[in-house]
Amino acid sequence: MKIRIKGNSVRLRLTKTEVAQFCETGRYEEQTHFGTTTLRYVLLAKANTTVISADYKDNTITICLPDAVQDHWATSDRIGYQNEVDWNDPSALSVLVEKDFTCLDATIEDQSDNYPNPRLL
């Protein structure tokens with residue numbers, strides 16, 4: 001799972017295996033070690049909600065999707081999910097969770113588990 005943070009937006013991109021694990025267990029987690037501190041980022045299926053939410057606590061970014069997503073995301077053509085953001089509110093956090101597609105340009109990154117890029121089909 002890749003994480004991109006830019007300004008007041010957070011984007012998670014998941015490979016096929018990662019989406020499958022999220023759909024099977026309702027959770028997927030990665031971590032990055034910074035010497036004595038570890039940053040964790042977690043995608044979590046949350047019951048009794050219909051909106052995407054995000055939280056940051058104890059060096060962990062947690063993005064929650066409605067648990068209904070885990071029933072079908074891996075087998076659907078749906079690319080991703082995002083929250084509704086009031087762009088006039090500078091404190092509003094934009095969250096996007098999506099399937100990771102192969103790149104169109106040359107890259108040294110292993111993309112063998114990425115989704116086929118629709119622009120190449």
Please answer whether the main-chain N or O of Asp67 pairs with a side-chain N or O of Asn48 as donor and acceptor at a distance below 3.5 Å. no
Hey, could you give me the CG/OG distance between Leu93 and Ser9, rounded to the nearest 0.5 Å? 7.5 Å
Hydrophobic cluster membership, Phe34 vs Val42, 4.5 Å side-chain cutoff: no
Is a donor from one side chain sitting under 3.5 angstrom from an acceptor on the other, for Asp58 and Thr60? no
Main-chain N/O of Arg11 paired with Lys2 side-chain donor or acceptor, under 3.5 Å: no
Go through the steps to decide whether Arg40 and Glu30 satisfy the test side-chain contact (heavy atoms from CB on, under 4.5 Å), and finish with yes or no. CA-CA 6 Å; Arg40 289 180 173 76; Glu30 289 278 350; over 6 Å; no
Residue Leu39 excluded, over 12 heavy atoms near CG under 6.0 Å: yes
Would you check if Thr32 and Tyr41 make a side-chain contact, meaning some heavy-atom pair closer than 4.5 Å? yes
Side-chain donor-acceptor pair under 3.5 Å between Thr62 and Asp55, yes or no? no
CD/Glu24: more than 12 non-hydrogen atoms of other groups inside 6.0 Å: no
Interatomic distance, CG@Asn8 vs OG@Ser94, rounded to 0.5 Å, equals 8.5 Å
Does the side chain of Leu43 come within less than 4.5 Å of Leu14's, by heavy atoms? yes
Do Ile52 and Ile3 land in one hydrophobic cluster if side-chain heavy atoms of ILVMFWY residues count as linked below 4.5 Å? yes
